[in-house]
Participant: 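Okay, handing you the structure first.
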There are 4 protein chains.
Amino acid sequence: MAPRTPPDSTRRRERSRVAILTATRELITEVGYARLTIEAIAARAGVGKQTIYRWWSSKGAVVFDSLLALSESPDGGGIALPDTGDVEADLKAVMRATAAEFSDPAFEAPIRALNTEIINDPDLAAAYREKMDKPMRAAKAERLRSAQRAGQLAADADVDLIIDVLYAPFTQRWLLRSGPLDDEFVDALVDTVLRAFRPDRG
Amino acid sequence: MAPRTPPDSTRRRERSRVAILTATRELITEVGYARLTIEAIAARAGVGKQTIYRWWSSKGAVVFDSLLALSESPDGGGIALPDTGDVEADLKAVMRATAAEFSDPAFEAPIRALNTEIINDPDLAAAYREKMDKPMRAAKAERLRSAQRAGQLAADADVDLIIDVLYAPFTQRWLLRSGPLDDEFVDALVDTVLRAFRPDRG
Amino acid sequence: MAPRTPPDSTRRRERSRVAILTATRELITEVGYARLTIEAIAARAGVGKQTIYRWWSSKGAVVFDSLLALSESPDGGGIALPDTGDVEADLKAVMRATAAEFSDPAFEAPIRALNTEIINDPDLAAAYREKMDKPMRAAKAERLRSAQRAGQLAADADVDLIIDVLYAPFTQRWLLRSGPLDDEFVDALVDTVLRAFRPDRG
Amino acid sequence: MAPRTPPDSTRRRERSRVAILTATRELITEVGYARLTIEAIAARAGVGKQTIYRWWSSKGAVVFDSLLALSESPDGGGIALPDTGDVEADLKAVMRATAAEFSDPAFEAPIRALNTEIINDPDLAAAYREKMDKPMRAAKAERLRSAQRAGQLAADADVDLIIDVLYAPFTQRWLLRSGPLDDEFVDALVDTVLRAFRPDRG
DNA sequence: GCCTAAGCGAGACGGTACGTCAGGTCTTGCA
DNA sequence: TGCAAGACCTGACGTACCGTCTCGCTTAGGC
């Protein structure tokens with residue numbers, strides 16, 4: 001889960017914190033999550049093991065924080081999906097871009113690591129939903145609500161459900177490697193959703 | 001992945017094989033996947049560690065086989081979804097039943113364990129798709145094709161896509177604990193799919 | 001051979017060191033050298049196996065050190081043979097005492113263990129000569145030189161040779177169990193030596 | 001110790017017996033006694049492990065037999081030391097030759113192995129004395145008795161004691177590597193013995 | 001000359017111990 | 001006095017061998 005309450009956070013050495021998170025990210029990509037060890041992180045970061053245990057409660061917590069640092073936009077602002085007015089085109093474009101990202105080996109290892117932790121640790125799962133999923137979901141929801149206002153989606157459609165139906169099959173296929181995340185698949189998902197939630201032909 | 005190529009499987013002691021798989025299943029439910037060790041399995045099964053390493057290549061492979069043994073129907077026959085003629089009712093019933101199963105603590109730990117392994121081990125993932133996912137998918141596909149013949153689903157609908165859209169959000173919600181698998185959610189998924197793939201109106 | 005070059009011996013826990021050596025001595029007498037295991041030593045000493053491997057390079061090295069601790073005189077001083085002025089009587093008395101020691105089961109097992117290791121490990125043999133044999137030999141040599149000064153042994157006799165001729169048959173008979181270490185045997189050895197190295201008659 | 005009582009020695013396969021003893025000798029020279037394993041012997045000899053356990057009771061017994069085969073003179077006859085009439089010269093020559101043999105690496109490993117076993121196994125020690133030491137000792141004794149008859153050694157000298165005093169320091173120096181088995185050392189031993197046991201100057 | 005029980009090769013098996021790796025805690029000494 | 005360094009106890013790893021136990025297959029001996 002997320003960081004322990006620190007004993008006295010004013011004394012915390014920022015330099016060490018950053019070194020630990022950086023080392024963690026590097027090691028995940030290099031050796032994979034299964035072979036990631038606290039000792040290796042400490043060694044790479046030039047830090048005593050105790051310093052890690054002092055601030056994080058588990059390996060999963062360190063991994064989570066290290067990836068959180070990655071996902072947070074540096075300027076502190078929120079994220080937004082493109083909005084050209086054409087929801088179909090926008091969704092397809094965004095999902096194709098995401099598919100491309102997922103093919104990047106540098107992303108693959110960390111994301112699988114994160115999922116491994118989240119599946120088995122409810123606290124971490126909660127932290128994930130709050131810190132990582134919520135902002136992403138908010139951005140997607142915003143774009144969908146815009147589509148509703150534009151009459152491209154039924155006004156009473158459950159936006160969260162749409163996001164689930166759109167992204168869960170996508171993520172699952174990638175995690176289980178049950179098929180390619182190609183354009184055909186992405187398009188089929190978007191088409192399905194648009195058909196299911198098209199506005200009434202009042 | 002699944003079993004190593006055995007040195008000479010005719011000499012294999014069936015009694016040990018079963019004891020190992022049983023012990024594995026018991027231990028997963030008792031201590032959880034993360035704390036499952038080969039040593040504990042061997043001890044519980046009354047077996048030398050080498051006997052495990054001789055026939056399985058990794059902890060994941062043992063876990064996989066132990067769950068495979070569970071999922072296989074004892075009579076060797078295939079599985080089939082109920083078919084009352086009403087696809088909506090049937091799908092909702094089946095998914096509600098699955099939701100109930102997933103709430104059973106005896107299932108929860110093993111299935112999470114399995115997913116943890118599969119995400120990180122491509123070979124295991126392939127074995128999973130072949131041995132566990134494929135038969136389930138076939139049963140679901142059969143029911144959906146029956147619905148197509150009955151004119152309840154578009155004849156040209158991609159059955160695999162339907163299954164993905166139906167089950168991926170369901171599984172993901174359970175894995176990430178992002179919400180309850182209640183009737184409302186299940187019904188919403190089925191409704192979405194039926195709307196998206198309803199047959200053309202003449 | 002004897003201790004590894006220690007990583008940083010100032011950090012070493014003296015309590016563990018002593019516990020290991022004590023446990024080793026106890027176990028040798030209890031189960032014999034052949035059945036002595038590092039795991040048992042660690043368990044008996046209440047110590048991690050790694051702590052043994054960190055400071056000793058082999059089972060033989062531990063055994064050696066454990067016996068070395070025994071043989072070292074607690075006051076740190078040297079050893080000396082009795083000197084009554086009668087070399088024949090003194091040598092016979094000392095060797096009879098040694099014979100008695102060798103019959104003590106508490107000495108038997110460790111000394112056989114030590115010899116087993118030394119025969120097969122040149123490094124250990126060197127350590128043995130330096131740390132255990134040399135001090136004993138010095139004491140014996142001193143007594144013999146005293147006899148030379150007293151005119152009881154030839155002044156030009158090779159003291160080292162005398163020690164070999166005196167003790168090697170004694171040790172060999174005990175190791176190979178080819179006969180009893182009785183007074184008769186001891187006396188015969190001393191007599192032989194005194195005859196071979198008696199001073200020239202004017 | 002020596003062979004078990006065989007279940008039915010007529011059925012015994014001579015080919016396997018020889019292969020086992022040969023493999024044992026080879027492996028001792030190659031990897032040393034400590035790393036010699038029954039499994040390796042069986043593999044090298046192309047023999048099932050059971051065949052070894054059927055005929056020998058311990059690793060030591062196999063090693064012993066394999067070396068016994070070496071030491072036995074092929075013609076079944078006894079051994080004899082040279083007798084030129086000059087006991088001093090003969091003894092020095094024989095011991096120098098033995099010293100040379102002991103320097104041969106092909107002899108070194110097996111002899112050390114044998115000693116290792118004998119020190120710790122009383123049964124094996126008895127077998128050693130009976131089968132290997134006794135014949136050698138008989139030959140030496142014979143030569144010494146000849147010297148007594150020739151008036152070169154005291155008639156009442158204890159021949160066994162002479163052999164001990166002559167050979168024990170020699171063997172010990174080699175086993176413990178406490179010095180070279182050079183001519184000087186050998187000559188000193190022989191001189192010592194001849195001085196100690198010279199006939200009375202009637 | 002066939003039959004049959006043994007010895008045999010092979011190697012799986014339940015175990016024990018190996019030597020190593022990492023976990024999480026505790027201690028030391030430098031900065 | 002906070003932290004790097006790392007020793008420590010613990011426990012699991014995956015491997016090597018142990019000695020026992022089937023398996024089929026020769027293979028010699030008694031019929």
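Chain letters run A, B, ... following the sequence lines, proteins first and then strands; every chain starts at 1. Side chains included, hydrogens not; waters and symmetry mates left out as well; all remaining heavy atoms used.
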Participant: Shorter than 3.5 Å, N or O on both sides, protein versus nucleotides 21-26 of chain F: list them out with atom names.
Facilitator:
unit_1, atom_1, unit_2, atom_2, d
F:dC21, N4, D:Q50, NE2, 2.2
F:dC23, O2, B:R11, NH2, 3.4

Participant: List the residues meeting side chain to side chain donor-acceptor pair (under 3.5 Å) with A:N115, not counting sequence neighbours, and say none if there are none.
Facilitator: none

Participant: Show the numbers, then the answer: is there a side-chain hydrogen bond (donor to acceptor under 3.5 Å, both in side chains) between C:T116 and D:N120?
Facilitator: CA-CA 8 Å; C:T116 303; D:N120 292 294; 2.7 Å; yes

Participant: Could you state the atom-to-atom distance from CZ of D:R15 to P of F:dA28 in whole Å?
Facilitator: 11 Å

Participant: Write down the distance between CD1 (C:I20) and C1' (F:dA7), rounded to a whole number of angstrom.
Facilitator: 12 Å

Participant: Of the options E:dG7, E:dA22, E:dC13, whose atoms approach the side-chain atoms of A:E39 most closely?
Facilitator: E:dA22

Participant: Quick check: on DNA chain E, is the nucleotide nearest A:I38 upstream (toward 5') of the one nearest B:V47, or the reverse? Name the residue that is more 5'.
Facilitator: B:V47

Participant: Can you check the D:I41 CD1 to F:dG19 C1' distance for me, whole Å?
Facilitator: 14 Å

Participant: Round to the nearest Å and state the distance from D:L27 atom CG to F:dC17 atom P.
Facilitator: 11 Å

Participant: Within less than 4.0 Å of OP1 or OP2 of F:dA4, is there a side-chain N or O belonging to A:S16?
Facilitator: yes

Participant: Find the distance A:R35:CZ to F:dG14:P and express it as a whole number of Å.
Facilitator: 11 Å

Participant: Return the CZ to CG distance between B:R177 and A:L124, rounded to the nearest 0.5 Å.
Facilitator: 10.5 Å

Participant: Tell me the interatomic distance from A:I52, atom CD1, to E:dG23, atom P, rounded to whole angstroms.
Facilitator: 9 Å

Participant: What pairs meet the salt bridge (Lys or Arg N to Asp or Glu O under 4.0 Å) rule with one or both residues in residues 42-53 of chain A, with sequence neighbours excluded?
Facilitator: A:E26-A:R44, A:E30-A:R44, A:E39-A:K49

Participant: Answer whether the closest heavy-atom distance between the side chains of B:W56 and B:I38 falls below 4.5 Å.
Facilitator: no

Participant: For a quick test of reading the model: is some side-chain N or O of A:T51 closer than 4.0 Å to OP1 or OP2 of F:dG2?
Facilitator: no

Participant: With nearest nucleotides of DNA chain E determined for B:G48 and C:T37 from heavy-atom distances, which residue corresponds to the more 5′ nucleotide?
Facilitator: B:G48

Participant: Within the structure, does a side-chain N or O atom of D:W55 lie under 4.0 Å from either OP1 or OP2 of E:dG7?
Facilitator: no

Participant: Taking the side chain from B:R112 and the backbone from B:L175, do they hold a donor-acceptor pair closer than 3.5 Å?
Facilitator: yes

Participant: Using a 6.0 Å distance limit plus a 45 degree cone around the ring axis, check whether D:R17 lies over the aromatic ring of D:W55.
Facilitator: no

Participant: How close or far is atom P of F:dT10 from atom OH of C:Y53, stated in whole angstroms?
Facilitator: 16 Å

Participant: What's the CZ-P distance between A:R17 and F:dC3, to the nearest Å?
Facilitator: 14 Å

